Amino acid sequence: MLKIGVMASGGGSNFKAIIERIGEGDLEAQCKFLITNNGTCGAVSLAGEYGIPVYHISGKTHPERADYEAALLEVLDRYDVDLLILAGYMKALPPCMIARMPDRILNIHPSLLPKFGGKGFWGIHVHEAVLAAHEKESGPTVHLVSEEIDKGRILAQVKVPVLEGDTPEVLAARVLEQEHNLYWKTIRDYAATLGLS
């Protein structure tokens with residue numbers, strides 16, 4: 001069975017959507033751990049509800065960069081997961097993690113990459129930028145993680161209309177709804193292409 005690990009920093013809605021699909025049998029996988037850089041985030045509470053081990057690894061817990069990177073790699077090595085899933089993880093991964101799992105780390109971004117990606121484009125800022133540019137459509141992108149933020153190979157996208165009168169918050173909610181459906185399907189399909197499922 002597919003083994004995944006998840007990294008999250010926030011409320012964990014994408015994390016929850018994935019775990020629920022596993023529970024319903026739509027995604028045949030086991031979630032082995034959650035790594036977070038925010039020990040009080042909603043994703044941590046969710047992991048507790050589902051009995052998933054949590055590792056808080058951040059600049060606070062590991063001030064020295066070498067210790068921080070070693071702690072991250074130790075979790076990867078301990079569980080030997082097939083895929084690492086970023087679900088609202090708000091920190092760039094160190095190159096050593098990407099090197100340890102080449103083409104095995106997935107991220108979801110709330111715009112149609114390559115538009116509105118990279119430094120500064122996260123959370124509500126993405127949707128503000130989409131509206132400011134008078135785009136007619138937006139939507140989530142699932143991509144592989146590379147050392148350049150939001151530049152990895154695109155695996156899947158869903159287009160979402162931008163409607164007259166949209167606020168960043170309204171658009172964000174419409175995109176997020178599609179994220180929850182797109183991410184687990186892309187994990188399933190990508191794992192199949194790698195012969196992991």
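This is a predicted model, so every value here is computed, not measured.
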Please report, to 0.1 Å, the donor-acceptor pairs under 3.5 Å made by any side chain of residues 59-78, with sequence neighbours excluded.
from: T61; atom 1: OG1; to: S58; atom 2: N; distance (Å): 2.8
from: T61; atom 1: OG1; to: S58; atom 2: O; distance (Å): 3.1
from: R65; atom 1: NE; to: E69; atom 2: OE2; distance (Å): 2.9
from: R65; atom 1: NH2; to: E69; atom 2: OE2; distance (Å): 3.1
from: E74; atom 1: OE1; to: R78; atom 2: NH2; distance (Å): 2.8
from: E74; atom 1: OE2; to: R78; atom 2: NE; distance (Å): 3.2
from: E74; atom 1: OE2; to: R78; atom 2: NH2; distance (Å): 2.9
from: D77; atom 1: OD1; to: R100; atom 2: NH1; distance (Å): 2.5
from: D77; atom 1: OD2; to: R100; atom 2: NH1; distance (Å): 2.8
from: R78; atom 1: NH1; to: Y55; atom 2: OH; distance (Å): 2.7

Pairs satisfying salt bridge (charged side-chain N to carboxylate O under 4.0 Å, His left out), at least one member in residues 158-171, at least two apart: E137-K159, D166-R174
Mark yes when over 12 heavy atoms from residues, nucleotides or ligands other than K3 sit less than 6.0 Å from its NZ; otherwise mark no. yes
Applying side-chain contact (heavy atoms from CB on, under 4.5 Å), can you list everything that pairs with [X], at least two apart in sequence or on another chain?
X    : value
E24  : E20, R21, D26
T186 : V142, L155, A156, L182
A43  : A8, F15, L34, C41
E177 : none

Would [X] and [Y] show up in the same hydrophobic cluster when neighbours are defined by side-chain heavy atoms closer than 4.5 Å?
X    : Y    : result
L93  : M101 : yes
I154 : V160 : no
V130 : L176 : no
Y183 : V126 : no

Remaining members of I149's ILVMFWY cluster at a side-chain heavy-atom cut-off under 4.5 Å? none
How many angstroms lie between [atom1] in [X] and [atom2] in [Y], if you round to the nearest 0.5 Å?
X    : Y    : atom1 : atom2 : result
K136 : L163 : NZ    : CG    : 11.0 Å
I52  : L46  : CD1   : CG    : 8.5 Å
D82  : I187 : CG    : CD1   : 12.0 Å
R188 : L27  : CZ    : CG    : 8.0 Å
H180 : N14  : NE2   : CG    : 4.5 Å
I98  : D103 : CD1   : CG    : 11.0 Å

Between S138 and H127, a side-chain donor and acceptor under 3.5 Å: no
Pairs involving residues 39-54, ordered by first then second residue, that meet side-chain hydrogen bond (donor to acceptor under 3.5 Å, both in side chains) (sequence neighbours left out): N38-T40
Would you tabulate the side-chain donor-acceptor contacts of residues 110-125 under 3.5 Å, counting partners in other chains and residues two or more places apart, or write 'none'?
from: S111; atom 1: OG; to: H109; atom 2: NE2; distance (Å): 3.3
from: S111; atom 1: OG; to: K115; atom 2: O; distance (Å): 2.6
from: S111; atom 1: OG; to: F116; atom 2: O; distance (Å): 3.2
from: K115; atom 1: NZ; to: E135; atom 2: OE1; distance (Å): 2.9

Within residues 21-40 or reaching into it, pairs that qualify as ring-ring contact (aromatic ring centres under 6.0 Å, His included) - sequence neighbours excluded: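 Qualifying pairs: F33-Y79.
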Contact summary for [X] and [Y], nearest pair of heavy atoms:
X    : Y    : answer
A99  : P102 : O-CD, 3.2 Å
T36  : S9   : OG1-CA, 4.1 Å
L171 : P161 : CD1-O, 4.3 Å
T193 : Y190 : OG1-O, 2.6 Å

Validation row: L194, R104 side chains within 4.5 angstrom (heavy atoms): yes
With a 4.5 Å heavy-atom cut-off, do V175 and Q178 have their side chains touching?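 A side-chain contact under 4.5 Å is absent here.
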Taking side-chain hydrogen bond (donor to acceptor under 3.5 Å, both in side chains) as the definition, give me every residue that meets it alongside Q157, ordered by chain and number, with sequence neighbours left out. T141
If the condition is side-chain hydrogen bond (donor to acceptor under 3.5 Å, both in side chains), which residues does S146 pass it with, not counting sequence neighbours?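 S146: no side-chain hydrogen bond (donor to acceptor under 3.5 Å, both in side chains) contacts found.
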N107 side chain to H143 main-chain N or O, any donor-acceptor pair under 3.5 Å? no
Does the side-chain contact (heavy atoms from CB on, under 4.5 Å) test come out yes or no for L144 and L106, once each step is laid out? CA-CA 5 Å; L144 296 176; L106 279 65; 3.9 Å; yes
